[in-house]
Amino acid sequence: LQLQVSLAEVDGARRSEADQKVQLEAALGRVEQVRYFNLISLAAQAIERKEYGRAEELLVRCPSPLRNWEWHFLSGMAFVSHEVNMVPGKVTCSAVSHGAEHWAMGTLDGQVHLKLGRITAFQKTLTDSSVPVAALAFSQNLEQLAVVRGSLVQIIQLPRPTFGQTLDPQTTFPVRQYLTAGGPITAVAFAANDRQIATATSEAIQIWDLTSGTELRRIEDESPLQNVTFRADGESMAWTNGEKVRYMTRNASTPTTIATVSNGVAQLAWRSDKKWLYVVSVGDPWYVQAWDVDARTEAGRFVRLSSSE
């Protein structure tokens with residue numbers, strides 16, 4: 001009897017210890033959540049005062065698992081230089097890296113204007129061709145830039161400047177890979193693993209292996225094909241052809257239409273949680289829709305502006 005009582009007491013103590021551990025973890029989680037929103041609030045105040053360096057320091061301290069749309073919104077304001085950057089020539093395309101660390105602009109005369117790093121930025125112009133730049137894309141790890149001219153994609157290796165670092169103006173940007181599609185390319189995107197890249201032409205979406213430069217898959221669809229983008233989980237992708245937003249999983253044989261936008265689509269972008277696809281319309285007024293790709297339903301319409309607003 002005494003043994004049974006002792007075992008019951010031990011079992012009760014273990015359960016009590018487990019419950020206390022759960023409660024402690026929950027309390028620490030609440031503390032971390034409060035800390036996150038305090039940092040977000042302080043960063044927003046710093047941006048209002050135009051103290052962008054201070055805002056960056058606060059945003060970098062935010063715990064990664066808690067970063068949501070408000071963090072990305074403030075990052076776009078804090079990490080991008082607020083100087084007016086004049087780019088010579090007619091701009092044909094642009095790209096901003098995830099987290100807004102780098103930006104690039106392509107021009108009609110074939111130049112690529114780069115600004116790398118936050119706050120203390122390194123700027124360089126690549127002028128190795130006179131063919132107009134049609135599309136640009138940064139890899140997720142910020143180590144590569146895809147530059148599209150005609151039917152050719154150059155994969156350029158980028159340096160990784162750290163905060164406050166000044167790079168030598170003579171820094172070179174070696175070309176890692178050349179890919180040649182079947183026709184003029186209208187869009188380009190890196191997969192989440194940075195080992196594959198997708199291109200869109202008037203005839204097909206092509207997926208390439210960046211190590212070997214070989215074509216892994218060709219997806220034919222109705223013209224014109226534009227705005228190709230990979231979902232962050234790497235299991236699916238989306239693109240547009242005119243008014244239709246097309247979606248396809250890795251194992252599917254054909255794409256499906258998840259949305260039709262009467263004005264046409266200007267741009268696509270995935271939300272950080274990988275569930276929603278943002279669709280920016282063309283026209284006046286224009287708007288931003290969020291689509292739940294799994295449910296095939298519109299989750300919300302966030303912006304509706306006219307040129308006069």
Side-chain angles (χ1 to χ4, degrees), residues 93 95 97-98 106 133-158 175-261 264-279 291-296:
C93 59
S97 66
H98 181 72
V133 182
L136 297 163
F138 286 102
S139 62
Q140 297 295 313
N141 61 12
L142 305 183
E143 294 179 357
Q144 301 173 95
L145 173 69
V147 179
V148 172
R149 296 184 176 92
S151 60
L152 178 69
V153 183
Q154 288 180 309
I155 308 299
I156 296 174
Q157 186 72 37
L158 298 177
V175 178
R176 283 194 53 200
Q177 184 67 267
Y178 289 97
L179 305 173
T180 305
I185 298 170
T186 58
V188 64
F190 282 90
N193 60 14
D194 290 326
R195 294 194 294 269
Q196 297 175 3
I197 198 169
T199 57
T201 67
S202 61
E203 299 178 350
I205 302 293
Q206 293 168 276
I207 302 176
W208 307 83
D209 178 83
L210 284 176
T211 302
S212 62
T214 57
E215 181 182 318
L216 300 176
R217 189 170 186 182
R218 179 183 177 88
I219 308 165
E220 296 186 355
D221 202 1
E222 299 175 9
S223 179
L225 305 181
Q226 296 174 312
N227 298 308
V228 63
T229 178
F230 281 95
R231 199 172 183 175
D233 59 9
E235 294 300 316
S236 55
M237 58 191 303
W239 63 88
T240 62
N241 58 357
E243 299 177 347
K244 298 178 181 179
V245 179
R246 306 283 273 168
Y247 174 73
M248 188 171 182
T249 59
R250 179 190 297 271
N251 298 324
S253 57
T254 57
T256 59
T257 299
I258 61 171
T260 300
V261 181
V265 181
Q267 190 172 354
L268 298 177
W270 288 99
R271 200 172 79 164
S272 58
D273 64 6
K274 306 183 288 292
K275 184 177 181 181
W276 288 0
L277 179 67
Y278 291 119
V279 180
W291 285 87
D292 185 327
V293 295
D294 297 321
R296 303 292 197 272

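All values below come from the heavy atoms of this structure, side chains included, with hydrogens, waters and symmetry mates left out.
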Would Val279 and Leu268 satisfy side-chain contact (heavy atoms from CB on, under 4.5 Å), going step by step from the backbone distance to the final call?
CA-CA 5 Å; Val279 180; Leu268 298 177; 3.8 Å; yes
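- With Thr240 as the partner, the side chain to side chain contact (heavy atoms under 4.5 Å, CB included) test is satisfied by one option alone out of Val265, Asp221, Val261, Leu225: Val265.
- Nearest heavy atom pair, residue Gly183 against residue Ser151, reads O-CB, 3.2 Å.
- With hydrogens and angles disregarded, a donor-acceptor distance shorter than 3.5 Å links the side chain of Asp194 to the backbone of Gln140.
- Rounding to the nearest 0.5 Å gives a distance of 6.5 Å between CE of Met248 and OG1 of Thr254.
- Among residues two or more places apart in sequence or in another chain, the salt bridge (charged side-chain N to carboxylate O under 4.0 Å, His left out) test is passed with Arg218 by Glu203, Glu220.
- Looking at every heavy atom in both residues, Ala187 comes nearest to Ala135 through CA-CB, 4.2 Å.
- Once rounded to the nearest 0.5 Å, the distance linking CZ of Arg217 with CD of Gln196 reads 11.0 Å.
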Tell me, with the steps shown, if Leu145 and Phe138 meet side-chain contact (heavy atoms from CB on, under 4.5 Å).
CA-CA 5 Å; Leu145 173 69; Phe138 286 102; 3.9 Å; yes
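- Looking at heavy atoms from C-beta onward, Arg296 lies in side-chain contact with Ile258 at the 4.5 angstrom threshold.
- The shortest side-chain heavy-atom distance between Gln267 and Tyr278 does not fall under the 4.5 Å cut-off.
- The only option from Val188, Val228, Ile207 that meets the side chain to side chain contact (heavy atoms under 4.5 Å, CB included) definition with Ile197 turns out to be Val188.
- Atoms CG and CZ, from Leu136 and Arg149 in turn, are 8.5 Å apart once rounded to the nearest 0.5 Å.
- Under the 3.5 Å distance criterion, the side-chain polar atoms of Thr229 are left unmatched by any main-chain donor or acceptor of Ala269.
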Given Tyr247 and Arg231, is the side-chain hydrogen bond (donor to acceptor under 3.5 Å, both in side chains) satisfied, shown in steps?
CA-CA 10 Å; Tyr247 174 73; Arg231 199 172 183 175; 2.8 Å; yes
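- Counting heavy atoms from C-beta on, the side chains of Val153 and Val147 never come closer than 4.5 Å.
- Between the CH2 atom of Trp276 and the CG atom of Asp292 there is a distance of 7.5 Å, given to the nearest 0.5 Å.
- To the nearest 0.5 angstrom, Gln206 atom CD is 11.0 Å from Leu216 atom CG.
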Could you give me the CA-CA distance, side-chain angles and deciding distance for Ser139 and Asn141, then say whether side-chain hydrogen bond (donor to acceptor under 3.5 Å, both in side chains) is met?
CA-CA 6 Å; Ser139 62; Asn141 61 12; 2.7 Å; yes
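- Met237 has its side chain within reach of Ile205: a pair of non-hydrogen atoms, C-beta onward, lies under 4.5 Å apart.
- Judged purely by atom type and a 3.5 angstrom limit, Thr186 has no side-chain atom pairing as donor or acceptor with the backbone of Ser202.
- The minimum heavy-atom distance between Ser97 and Leu142, with the atom names listed, is CB-CD2, 3.3 Å.
- Looking at every heavy atom in both residues, Trp208 comes nearest to Gly213 through CE3-O, 3.7 Å.
- The shortest side-chain heavy-atom distance between Leu158 and Glu143 does not fall under the 4.5 Å cut-off.
- Every salt bridge (charged side-chain N to carboxylate O under 4.0 Å, His left out) that Glu235 has, sequence neighbours left out, goes to Arg250.
- When all heavy atoms of Ala198 and Phe230 are compared, the closest pair comes out as CB-CE1, 3.4 Å.
- Atoms CG and OG1, from Asn241 and Thr257 in turn, are 6.5 Å apart once rounded to the nearest 0.5 Å.
- Shown here for Phe190 and Gln144, the closest heavy-atom pair between the two residues is CZ-CB, 3.9 Å.
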